There are 4 protein chains.
Amino acid sequence: MSNKRRRRLLHPDARRRELLDAAVAVFARKGYRRASISDIIAAADAARGTFYLYFKSKEDVFLAILDDFQARLSAMLGEEAAVAATRAGDGRALLRDDILRWLRFFERHRDATTILLKEATSIDPQFEPALAALRRIALDHLARRFRSMQARGLMRASLSPELMSHLQLGMFDQLLSALVLRPGWKVKLDVLADQLADFAWSGARSAAGE
Amino acid sequence: MSNKRRRRLLHPDARRRELLDAAVAVFARKGYRRASISDIIAAADAARGTFYLYFKSKEDVFLAILDDFQARLSAMLGEEAAVAATRAGDGRALLRDDILRWLRFFERHRDATTILLKEATSIDPQFEPALAALRRIALDHLARRFRSMQARGLMRASLSPELMSHLQLGMFDQLLSALVLRPGWKVKLDVLADQLADFAWSGARSAAGE
Amino acid sequence: MSNKRRRRLLHPDARRRELLDAAVAVFARKGYRRASISDIIAAADAARGTFYLYFKSKEDVFLAILDDFQARLSAMLGEEAAVAATRAGDGRALLRDDILRWLRFFERHRDATTILLKEATSIDPQFEPALAALRRIALDHLARRFRSMQARGLMRASLSPELMSHLQLGMFDQLLSALVLRPGWKVKLDVLADQLADFAWSGARSAAGE
Amino acid sequence: MSNKRRRRLLHPDARRRELLDAAVAVFARKGYRRASISDIIAAADAARGTFYLYFKSKEDVFLAILDDFQARLSAMLGEEAAVAATRAGDGRALLRDDILRWLRFFERHRDATTILLKEATSIDPQFEPALAALRRIALDHLARRFRSMQARGLMRASLSPELMSHLQLGMFDQLLSALVLRPGWKVKLDVLADQLADFAWSGARSAAGE
DNA sequence: GATGAATGAGAGTTCATTCAT
DNA sequence: TATGAATGAACTCTCATTCAT
């Protein structure tokens, strides 16, 4: 008769992680506004009050997700920079490898990426700063990389690195939401990376670089 | 004490337009779920009941907006096809003109475009069909154009038209949401079109086409 | 394209009749509260404002229906009294004839009767007086008849005429709502009248049971 | 200024009962459609949200009330059958006892009975099944009892048990709504039962009238 | 720390009634 | 007289948040 939840004592960090993961899954499926606290606590098998022990509000848990993601993204980008330093050689191959690494990263964090794409255009102004910061990180990275390739004479100087970073980010977004993150969709990421690298390389390289 | 609204008698078509325009503005600013009927009727200076005289529900206005937009978009694409038929000549210049025409179209329908970008990732499953249809129109158009350029030997055959259409749409989305639609932003659309055409042309043209 | 109603000029009495009849049909089908003015004017093919030209309010049209019905009922009862005066003879046969006349009357005014049965228990206190008056007419008539049969030695003096009138009315109500007014139901009214008269006259015990 | 309700913490079962009882009282007084959730929560001294913690919708409480009543009614009928089995003897006295038991039952559940009588003619089609089921229980019981008395030679075989059950139910309804349930009305239930039993058993004709 | 019953502001929707034409 | 667009109070229902246990 009693299907009451038993009191579940957990290490605070573990409990927080459970709630955060549940929130990621729920927001990915329903979007921020359609998702309810009830959805999250049901997914986390926690009591209502417990949620508010770990997060100040619905907004707060969303921001925590963004933080989490930003940390992982930064880590990945740091790694990439380290790799890049060790390798010289064919610009196009380097580009392809980078693209593939990114695609794999986003595929690995499918739900968080879905949330980002869903809410990227900032449905709530309160999230604008956090989302802008994330976008900034990606754009800065892309622009920096483009500039460094320009410096090495690989890319045309006539192209604006800022604009190019936007174009690249746009292509990524679209690829992700249309192909990679579609539930039940299995794309060959390396084929995607090939074609995207082919297009982006030919599109931007300088004549001298040929 | 009495700040009752004066009865504003309007022709049904005019009143419907007012409400639809108000809804577009409100949805663009707040997104579908955060926007309330109260917001819309306040913006349209209409009574609550009046809204429901013209639209069955909140969902209904939203779909009406999509319909409206789809009609305009189709009209624009039809026009473009007509223009393309009359003009031959430099592929890159043609591309640039098309891009510019699209950018101008979206800038002219700034709010509706904002809504589309905001809700494109379909926060509500009920809108999926209508949004998918719109996306389809754009993707089909882009793919068709790419294929016709491939047929004329202008674009590399190794590139998938479907994928290319996604990439182009992605670049557009990003440009629009990051630059064109930012409130208070004044970009030179022709500069944007130049760079985008430059990148897209070099990126995809066949060697033979040089 | 225009499915606008043409201005229909009618004699006021005819227009009022149209609206009243429409209201009877609508109230019978939906009940007073579920029925809307929209339903009524749609059924009467009249404009919204026209309704309020002839009736002060929704309540008003309902009371008008009761008035109408009361007039017809009184007429029928007067007739019955006249008939009764001319005929002497077998009490049971008289009873049967009366019952049959009543059943036919209610069947003829099927919709109005349905309304009465539906709303009889007075969902809105504002209708209590009018409904009570109608009930009174029926109960008084039944009690008066019972008393006159008692006076003629036909009925037991130990039975309260008031109570008997209630019992008879109750049997009528039930028969009407369960059998006679069921849509698509075709009962032989004379069979019903036979059994009801048999029961009411002779009682239910078998001769053997005496 | 702050007339905010104090938080009243209750055991769920107790709270549900409070709400259900309040709903019964409100529906009895106003009828299903006129009654509002505001009425119910005011009567139960609960917050709006609390109501929806225990019932899915307005329709849901109503059905819960019917369920509740049906359970009690079935219990009472079961009891009656048990009693009947133990007692033999005078048919008329048995009938009288049964009638009195029913009258007392309905008087004890005055509000629920009122609701049933008010909504019996099914103002909302959604309730038709539940109401029909209740009516069925009563009619079946009455018909079964009549048949068993016919089998014992107590009742005339020429009378249709189905019809008789309707007549008996009709008399009950009328008695209940006109006499027993009238607020502030105190009737002697045993006198009522006497007369009804007398009528139903022996019929209305006087011995002299034979 | 954990629980879940309780809260009420605010959402979308309906509809009797009014009134300018 | 007839019309139908306009109105807003009142309705049912949702859900982020609180707090007594």
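Here is how names work: the chains are called A, B, and so on, in the same order as the sequence lines, proteins then strands, and each is numbered from 1. All values reported here derive from a predicted model rather than from experimental measurement.
- Here the C1' atom of nucleotide F/dT14 and the NZ atom of A/K58 are 11 Å apart, to the nearest Å.
- Taking 4.0 Å as the cut-off between side-chain N and carboxylate O, C/E128 and C/R135 count as a salt-bridged pair.
- Looking at residues two or more places apart in sequence or on another chain, you find a salt bridge (Lys or Arg N to Asp or Glu O under 4.0 Å) between D/D21 and D/R17.
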When you look at B/F51 and B/V61, which way does the side chain to side chain contact (heavy atoms under 4.5 Å, CB included) test go after all the steps? CA-CA 9 Å; B/F51 174 88; B/V61 219; 3.1 Å; yes

Salt bridge (Lys or Arg N to Asp or Glu O under 4.0 Å) for D/R8 and D/E18? Distances and angles first, verdict last. CA-CA 12 Å; D/R8 291 199 309 124; D/E18 277 194 7; 3.0 Å; yes

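- A donor-acceptor contact shorter than 3.5 Å is absent between the side chain of C/K118 and the backbone of D/K118.
- The OH atom of B/Y32 sits 12 Å away from the C1' atom of E/dA11 (whole-angstrom rounding).
- A sub-4.0 Å separation between OP1 or OP2 of E/dA6 and a side-chain N or O of D/Y54 is present.
- Each of B/A47 and C/L53 was assigned the nucleotide of DNA chain F with the nearest heavy atom; the assignment lying further toward the 5' end belongs to C/L53.
- Within residues 8-25 of chain B, the residues having any heavy atom under 4.0 Å from DNA chain E are, by residue number, B/L9.
- In terms of phosphate contacts, D/Y52 brings no side-chain nitrogen or oxygen within less than 4.0 Å of OP1 or OP2 of F/dT14.
- The residue A/S36 sits close only to the backbone: its heavy atoms come under 4.0 Å of sugar-phosphate atoms, none of a base.
- The listed nucleotides are E/dG4, F/dT12, F/dA6; the one nearest the side chain of A/R48 is E/dG4.
- Computed from coordinates, the C/F62 CZ to E/dA16 P distance equals 14 Å when rounded to whole Å.
- Counting any heavy atom pair closer than 4.0 Å across all strands shown, B/F55 reaches no nucleic acid atom.
- Distance check, rounded to the nearest 0.5 Å: CZ of D/F62 to CD of D/Q126 gives 9.0 Å.
- Each of D/F51 and C/E59 was matched to the nucleotide of DNA chain E holding its nearest heavy atom; the match closer to the 5' end belongs to D/F51.
- One interatomic measurement links the two molecules: CZ of D/R34 to P of F/dA9, which rounds to 20 Å at whole-angstrom precision.
- Dashed line: the shortest gap from a side-chain N or O of B/T50 to OP1 or OP2 of F/dT7 is under 4.0 Å.
- The residue D/I37 sits close only to the backbone: its heavy atoms come under 4.0 Å of sugar-phosphate atoms, none of a base.
- Base pairing annotation: E/dT14 forms a Watson-Crick or G-U wobble pair with F/dA9, both donor-acceptor distances under 3.5 Å.
- Mapping A/K56 and C/G49 onto DNA chain F via the closest heavy atom, the residue that lands nearer the 5' end is C/G49.
- Among D/I65, D/L19, D/I40, the single residue meeting the side-chain contact (heavy atoms from CB on, under 4.5 Å) criterion with D/V24 is D/I65.
- Whole-Å rounding puts the D/I41 CD1 to E/dT7 P distance at 10 Å.
- When the side-chain nitrogen and oxygen atoms of A/S38 are compared with OP1 and OP2 of F/dC15, none of them lie within a distance under 4.0 Å.
- One interatomic measurement links the two molecules: CZ of A/R33 to P of F/dT14, which rounds to 16 Å at whole-angstrom precision.
- For the pair D/K58 and D/Y52, the cation does not sit on the ring face, since its NZ or CZ is not both under 6.0 Å from the ring centre and inside 45° of the axis.
- F/dT14: Watson-Crick or G-U partner is E/dA9, with both key distances under 3.5 Å.
- Judged by Watson-Crick or G-U wobble contacts below 3.5 Å, the nucleotide F/dT21 has E/dA2 as its partner.
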